[in-house]
Number of protein chains: 2
Amino acid sequence: MTPPKPYYQDDLATIYRGDSFDILPYLSGIGAVVTDPPYSSGGAFRGDRMQSTSTKYVQTGTQAYRPEFAGDNRDQHSFLVWASLWLNAARNACVPGAVLASFIDWRQLPTLSDAIQAGGWTWRGIAVWSKGFGRPTPGRFSNAAEYVLWGSLGAMAERDAYPPGLFTAQPPRGEREHIAQKPDEVMGWVLGLVPPGAVVLDPFMGSGSTLVAAKSLGFRCVGIECDERYCETAARRVSQEMALSF
Amino acid sequence: MTPPKPYYQDDLATIYRGDSFDILPYLSGIGAVVTDPPYSSGGAFRGDRMQSTSTKYVQTGTQAYRPEFAGDNRDQHSFLVWASLWLNAARNACVPGAVLASFIDWRQLPTLSDAIQAGGWTWRGIAVWSKGFGRPTPGRFSNAAEYVLWGSLGAMAERDAYPPGLFTAQPPRGEREHIAQKPDEVMGWVLGLVPPGAVVLDPFMGSGSTLVAAKSLGFRCVGIECDERYCETAARRVSQEMALSF
DNA sequence: GCCGAGAATGAATCCATCC
DNA sequence: AGGATGGATTCATTCTCGG
């Protein structure tokens, strides 16, 4: 097969439209994988998980068009297999010492930690995004955090940076490009793990928040997304972002 | 066998000295299990985990006597089996709808979530104790939190309380009764999950922080601890604690 | 008594070194 | 080869002590 043609490209950012499993074999030289994959979560019971994404996740306010996102209906076993496979494929595109950071919710956290190790990465910890009080439920702990599982490909490069293991930021309200969109400052916090000069890869780009934050920090970055609408959104957002000059 | 004799007892609190597996079969009517078991953690490598508690966890400076605590040297497989067994034994002492909350660190969180489910409980979420910045390590996310895995035995009772899923408190400094001692306010936060009138059980009591907090909130409570020195410490602390009057 | 400077400390982690 | 040992590292907070 011929190498894929970028959907979008500028001096720092590259976007490929397609399935990660098809694109990843053509990539190399990646120094950091930072992503927010589909969680396949959304309920304790199989019936709850199999609802459409727009039904099972709450959406309020006036909404831009947000297509369903694919690949969010796996059961736990399938999620483990699928996540192990993409983590392995991403690893093959990486240089030694590359770092990994993946968002996940509480329900799939244990499964993703298994997948990280099954995919050949060293799991090194959990970082916490504190979202404030979170959604209250009577008699239960509120759902106040999302989690970032992180690790590396062998020994990590020595660095003189000390990113905090917990970061507080309000979740986005109202208008969003994507139902699971993360605030830019949250992405910037996670990118604090990435050594200067590393190429950042997001194999589940969505609306492109990872690339926007990476570009603004001066990282070269690569995004993969199968939904053309999201590719369009991400290309627009990334093209409007100015990189820091050094 | 005859039922065990309490090591200590007052109007609200009861302490048994012995192994949880020996004592639990005699207990019943428990409405909440709140505990901080040995993590069997302390390092990425087997050699590190196998150290004595005083070696692998930092203890320096002038300190009160703090004995080693037992059962902190299991490998991951043994930890899963052992945790499943005590969770199952504790469940058998519980009434329907009982709640469970167990502290754990990042490394053993996935394993404990498996054990909770293997032990017959419904796992319902993760609550976060934010400890501030945490201990720094160059180039990595700081270790800024410990975690509380919580769940229930079937459906939970309806309640009019909304405990936060994330709680911030500094870890205790200097003089402590136990190397892993939790601040009283942290225990009080976790007890926010417990319905009024429930009997609180801590099968790994240690220096008794769970019982101190439970008694001060007016809960009846039961603690089990195999080390006599810790039983003594806990009995002293619990006896000095005054219960809220209603 | 209050304030500020300096010291001490943490369920840590990594790695070189020695058996 | 692999397990045990010891040293170096770091930031935010608390503690100590002197002025």
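The basis for the numbers below is simple: all heavy atoms, side chains too, and nothing from hydrogens, waters or symmetry mates. Lettering of chains follows the sequences in order, A, B, ..., and the numbering in each one begins at 1.
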- Message: Measure CD1/B:I179 against P/C:dT9 and give the value in whole Å, please.
- Response: 14 Å
- Message: What's the gap between D:dT9 and C:dG10 when it is taken at their C1' atoms, as a whole Å value?
- Response: 14 Å
- Message: Quick one: does any side-chain atom of B:W189 pair with a main-chain N or O of B:P164 as donor and acceptor, under 3.5 Å?
- Response: yes
- Message: Expressed as a whole number of angstroms, how long is the span from A:M156:CE to C:dA12:C1'?
- Response: 15 Å
- Message: One pair to check against side chain to side chain contact (heavy atoms under 4.5 Å, CB included): B:Y39 and B:F103. What are the steps and the verdict?
- Response: CA-CA 9 Å; B:Y39 294 173; B:F103 283 87; 3.5 Å; yes
- Touch check for B:W106, heavy atoms < 4.0 angstrom, all strands: base, sugar-phosphate only, or nothing? sugar-phosphate
- Kindly indicate whether the side chain of B:D105 and the base of C:dA12 share any N or O donor-acceptor pair separated by less than 3.5 Å? no
- Query: Counting heavy atoms not belonging to A:R140, are there more than 12 under 6.0 Å from its CZ?
  - Reply: yes
Expected list for residues 80-87 of chain B: side-chain donor-acceptor pairs under 3.5 angstrom, two or more places apart:
unit_1 : atom_1 : unit_2 : atom_2 : d
B:S84  : OG     : B:L80  : O      : 2.7

- Against the side chain of A:A155, the closest entry in C:dC15, D:dT14, D:dC11 is C:dC15
- Task: May I ask you to check whether A:T111 and A:Q76 show a side-chain donor-acceptor distance below 3.5 Å?
- Result: yes
- Query: Taking CZ from A:F167 and P from D:dC11, how many angstroms apart are they, rounded to a whole number?
  - Reply: 19 Å
- Note on the structure: Whole-Å distance, B:R176 CZ to D:dC15 C1', equals 14 Å
- Look at the side-chain N and O atoms of B:N143 and state whether any lies under 4.0 Å from the OP1 or OP2 oxygen of C:dT13. yes
- Nearest atoms (heavy-atom pairs only) where A:S152 meets A:G154: OG-O, 2.6 Å
- Query: salt bridge (Lys or Arg N to Asp or Glu O under 4.0 Å) with A:D36: which residues, sequence neighbours excluded?
  - Reply: A:K182
- Item | Where B:G31 and B:V95 come nearest, the two heavy atoms and their spacing | CA-CG2, 4.0 Å
- Message: Can you tell me which nucleotide in C:dA11, D:dC11, C:dT13 comes closest to the side chain of B:P136?
- Response: D:dC11
- Query: Given atom CD of B:Q170 and atom P of D:dC11, what is their separation to the nearest angstrom?
  - Reply: 17 Å
- Position toward the 5' end of DNA chain D (nearest nucleotide), B:P138 or B:G132: B:P138
- 5'-most contact on DNA chain C: B:P38 or B:R140, nearest heavy atom basis? B:P38
- Query: C:dA11 phosphate, OP1 or OP2: any side-chain N/O from B:R135 under 4.0 angstrom?
  - Reply: no
- Message: Heavy atoms from C-beta onward define the side chain here; which of C:dA11, D:dT14, C:dC14 lies closest to that of A:R124?
- Response: C:dC14
- Identify whether any heavy atom of B:D36 sits under 4.0 Å from a base atom; if not, whether one sits that close to sugar-phosphate; answer base, sugar-phosphate or nothing. base
- Query: Within less than 4.0 Å of OP1 or OP2 of C:dA11, is there a side-chain N or O belonging to B:K131?
  - Reply: yes
- Within this structure, what is the CD-to-C1' distance between B:Q108 and C:dA12, rounded to whole angstrom? 15 Å
- Item | Between D:dT9 (P) and A:R159 (CZ): distance, integer Å | 19 Å
- Task: For B:F141 and D:dA12, give me the distance from atom CZ to atom P, rounded to whole Å.
- Result: 16 Å
- Side-chain N,O (B:R107) to OP1/OP2 (C:dT13) below 4.0 Å: yes
- Note on the structure: Note, DNA chain D 5' to 3' with Watson-Crick or G-U pairs under 3.5 Å encoded as ( ), [ ], | and . gives .||||||||.|||||||||
- Message: Counting the atoms with a prime plus P, OP1 and OP2 as sugar-phosphate, which does B:P37 contact under 4.0 Å by heavy atoms, base, sugar-phosphate, or nothing?
- Response: base
